[in-house]
Novice: 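Quick one: structure below, then a few questions.
Bear in mind the structure is a predicted one, so any value in this text is a computation, not a measurement.
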Amino acid sequence: MSSISRNTIWSFFSIVGVQFINILTNVVLARILSPETFGILGMAIVFAGFAFVVQEAGLNSYLIFKKGEIQKVISTTFWLNIIFSFILAGILHFSSGAIVNFYNNKQVITILNFICIGILVGSIGSTHRALLIKNNQFKDITKIDILAEVVSSIAAILLALYTNGLLAVSAKYVFRPLIQSLLVFNYSRHRIKFKIYIEELKELILYSGNVLGSQLLMYMNNNVDFFLVGRFLGDKILGIYTLAFQWGALARYYLSGAVMRVVFPEVSRQQDDPSKLKGMYLNVISKLAFITLPICFGLALVAHEFIYVLYGEKWMDVVPILQLLLLAGGISSVSVVGGPVLRGMGRPDLEMKLSVFSFISFTALVLAGVKHGLLAVAIAECCRVVLIETTRLWLIRKYLGVPVRAVFKQLMPTVQSLVLMIIVLYGINLLAIEVNVLILFVLKIAIGVAAYIAGSFIFNKSQSKWILNYVKKKQAA
């Protein structure tokens, strides 16, 4: 098995494992707490997320990209991460009053204060976490993340049962980074000098500035809808949108995110070999599509039963929003991998320009849609995805030299299998079978999976063979 496949699997286990625990926790919390509580959390995260982006993708990106001797970069990045985190936490804390006034909701400040603590403790392990990624230690990252998520989830549920909802949804943003920072030093034992090396700053800031700018703009793209929905439609509607977005983003951020974490350092190592990069890109998107598209489109077709079974009748307004966001998430889950490819080629500026374009266009679309309700906001997200991912595909064609025709050729077998699954599930919906909703939910999933597997053996033999070979190897091991 190739290094990229092995590391992708561990990265996948890390992100998907964490999100699986997170989703189970949210299901429990959603049955205990109200949509308003989740809406208040969404209001706080819109602003606090800027600090998370800086810690995850800012200065650390250069450390991952850098070749050769990196000891000076490690020390410089470590201290800059801590300094910037103190600044960001301070800005967030002293801006909390303005944020409360903006939303006209005093409860937001409780969550913001806890998040500030989490930002500070998370900064201590941020650089060493980047070193684990650089060294392909995704197995170790998986262990750290799973343990941190389990402990923080247990704390959240206990607080929801015995204290109040705001403390429950805030707890994870303190416990999770604290545990991650404590554990990361056990797997990355790099010595830190008490010094910032000025000679490293210029190149570090130049590269990281482009990446950070791109990631911040991307974050704004992904949160301007939360910002405007919370401001104009209130905490309950934002709570509904937050739940829909969590599942709609399943493939884009969690499944594709697992691959993107591996692709970036892999492309950085092979940045001087365009032919290998082309093959890698096509191979990655074909495998991503094979996994993410049936999940997104299948879940959209069983959304009514899914929400009723997991969350209960009080959350049924989520269904039409979830269906639209799943369609958008499915499309972008395949093409979004072009972002780390461009960064790994040393062109983070292209991704930043695309993010600027995306932010401006999406803000205009959401502003036009929010006055017409939540469904119009979801439609705006679908329009943004089509516009931006088409542009990203054009950039890949221009700078990596991958023809659009080659991309569609790679995806066509998966699309054919997907169409068969959609026809079968849509047919079941038309039959309007009157049985227990749980039985119907399980029945639809089983039939949908069977239809997709059958379609894959007919239309997509290469990916079917890849899955079968992987299963055989794991059984043999």
Novice: Kindly give the heavy-atom pair with the smallest separation between A289 and P294, and that separation in Å.
Specialist: O-CD, 3.5 Å

Novice: Looking at S85 and S123, what are the two nearest heavy atoms and their distance?
Specialist: OG-CB, 3.0 Å

Novice: For F102, enumerate each residue passing the ring-ring contact (aromatic ring centres under 6.0 Å, His included) test, keeping only those at least two apart in sequence or located in another chain.
Specialist: F227

Novice: Between S286 (side chain) and N283 (backbone), is there a donor-acceptor pair under 3.5 Å?
Specialist: yes

Novice: Using a 6.0 Å cut-off, check whether atom CZ of F175 has over 12 heavy atoms from anything other than its own residue.
Specialist: no

Novice: If you take all heavy atoms of V407 and V402, which pair is closest and at what distance?
Specialist: CG2-CG1, 3.8 Å

Novice: Does atom OH of Y308 have more than 12 heavy-atom neighbours from other groups under 6.0 Å away?
Specialist: no

Novice: Which atom names give the shortest non-hydrogen contact between G369 and A376, and what distance separates them?
Specialist: O-CB, 3.2 Å

Novice: Supply the atom-to-atom distance I117 CD1 to H93 NE2, rounded to the nearest 0.5 angstrom.
Specialist: 10.0 Å

Novice: Please, which pairs that meet side chain to side chain donor-acceptor pair (under 3.5 Å) have at least one residue in residues 23-32, sequence neighbours excluded?
Specialist: T25-S153

Novice: Apply side chain to side chain contact (heavy atoms under 4.5 Å, CB included) to S95 and L112, showing your working.
Specialist: CA-CA 10 Å; S95 301; L112 288 173; over 6 Å; no

Novice: For E36, enumerate each residue passing the side-chain hydrogen bond (donor to acceptor under 3.5 Å, both in side chains) test, keeping only those at least two apart in sequence or located in another chain.
Specialist: S34

Novice: Between V121 and L178, what is the shortest heavy-atom contact and its length?
Specialist: CG2-N, 3.9 Å

Novice: Would you check if the side chain of S75 reaches a backbone N or O of K72 as a donor-acceptor pair within less than 3.5 Å?
Specialist: no

Novice: Identify, with sequence neighbours excluded, every residue that meets side-chain hydrogen bond (donor to acceptor under 3.5 Å, both in side chains) alongside T127.
Specialist: N81

Novice: For G248 versus L326, what's the shortest heavy-atom pair and its separation?
Specialist: CA-CD2, 3.9 Å

Novice: Just grab all the salt bridge (charged side-chain N to carboxylate O under 4.0 Å, His left out) pairs involving residues 103-115, residues at least two apart or on different chains.
Specialist: none

Novice: Do M43 and R231 have side-chain heavy atoms sitting under 4.5 Å apart?
Specialist: no

Novice: Could you tell me the separation between the CD1 atom of I157 and the CG atom of L24, rounded to the nearest 0.5 Å?
Specialist: 8.5 Å

Novice: Compare all side-chain heavy atoms of S333 with those of I291 and state whether any distance is below 4.5 angstrom.
Specialist: no

Novice: How about F38 and L29: do any of their side-chain heavy atoms sit closer than 4.5 Å?
Specialist: yes

Novice: Kindly list each side-chain donor-acceptor pair under 3.5 angstrom involving residues 44-51, sequence neighbours excluded, with atom names and distances?
Specialist:
none

Novice: Output every pair passing salt bridge (charged side-chain N to carboxylate O under 4.0 Å, His left out) with a member in residues 354-375, not counting sequence neighbours, ordered by first then second residue.
Specialist: none

Novice: So do I83 and I87 actually touch side chain to side chain, heavy atoms under 4.5 Å?
Specialist: yes

Novice: Any sub-3.5 Å donor-acceptor pair from S126's side-chain atoms to G122's backbone N or O?
Specialist: no

Novice: Not counting sequence neighbours, which residues clear side-chain hydrogen bond (donor to acceptor under 3.5 Å, both in side chains) with D140? List them please.
Specialist: Q137

Novice: Quick one: does F362's side chain get under 4.5 Å of D225's, heavy atoms only?
Specialist: yes

Novice: Can you name the side-chain hydrogen bond (donor to acceptor under 3.5 Å, both in side chains) partners of S358, sequence neighbours left out?
Specialist: N221, R384

Novice: Consider side chain to side chain contact (heavy atoms under 4.5 Å, CB included). Of V318, L325, N22, L322, which one does Q246 pass it with?
Specialist: N22

Novice: May I have all residue pairs that pass salt bridge (charged side-chain N to carboxylate O under 4.0 Å, His left out) and include part of residues 110-127, sequence neighbours excluded?
Specialist: none

Novice: Can you tell me how far the CZ atom of F232 sits from the CG atom of L367, to the nearest 0.5 Å?
Specialist: 7.0 Å

Novice: Can you tell if the side chain of F78 reaches within under 4.5 Å of the side chain of L131, non-hydrogen atoms only?
Specialist: no

Novice: I'd like to know whether I321 forms a side chain to side chain contact (heavy atoms under 4.5 Å, CB included) with L375, so could you lay out the CA-CA distance, the side-chain angles of the two residues, the decisive distance to 0.1 Å, and finally the verdict.
Specialist: CA-CA 6 Å; I321 313 303; L375 194 63; 3.9 Å; yes

Novice: Using the rule given for side chain to side chain contact (heavy atoms under 4.5 Å, CB included), can you reason through L88 versus L92, listing the C-alpha separation, both sets of side-chain angles and the distance that settles it, and then say yes or no?
Specialist: CA-CA 6 Å; L88 289 166; L92 185 62; over 6 Å; no

Novice: If you round to the nearest 0.5 Å, how far is OH of Y162 from CG of L167?
Specialist: 15.5 Å

Novice: Please lay out, stage by stage, how L387 and F357 fare under the test side chain to side chain contact (heavy atoms under 4.5 Å, CB included).
Specialist: CA-CA 10 Å; L387 178 64; F357 174 51; 3.8 Å; yes

Novice: Roughly how far apart are I32 CD1 and T37 OG1, rounded to 0.5 Å?
Specialist: 11.0 Å

Novice: Under a 4.5 Å cut-off applied to non-hydrogen side-chain atoms, are L132 and I144 in contact?
Specialist: yes

Novice: Going by the rule ring-ring contact (aromatic ring centres under 6.0 Å, His included), which residues pair with F226 if we only count those two or more places apart in sequence or in a different chain?
Specialist: Y241, F245

Novice: Once rounded to the nearest 0.5 Å, what's the spacing between atom CG of L395 and atom CG of L350?
Specialist: 6.0 Å

Novice: Can you run down the salt bridge (charged side-chain N to carboxylate O under 4.0 Å, His left out) pairs that involve residues 165-175, sequence neighbours left out, and say none if there aren't any?
Specialist: E149-K172

Novice: Any heavy-atom pair between the side chains of T390 and W394 that's under 4.5 Å?
Specialist: no

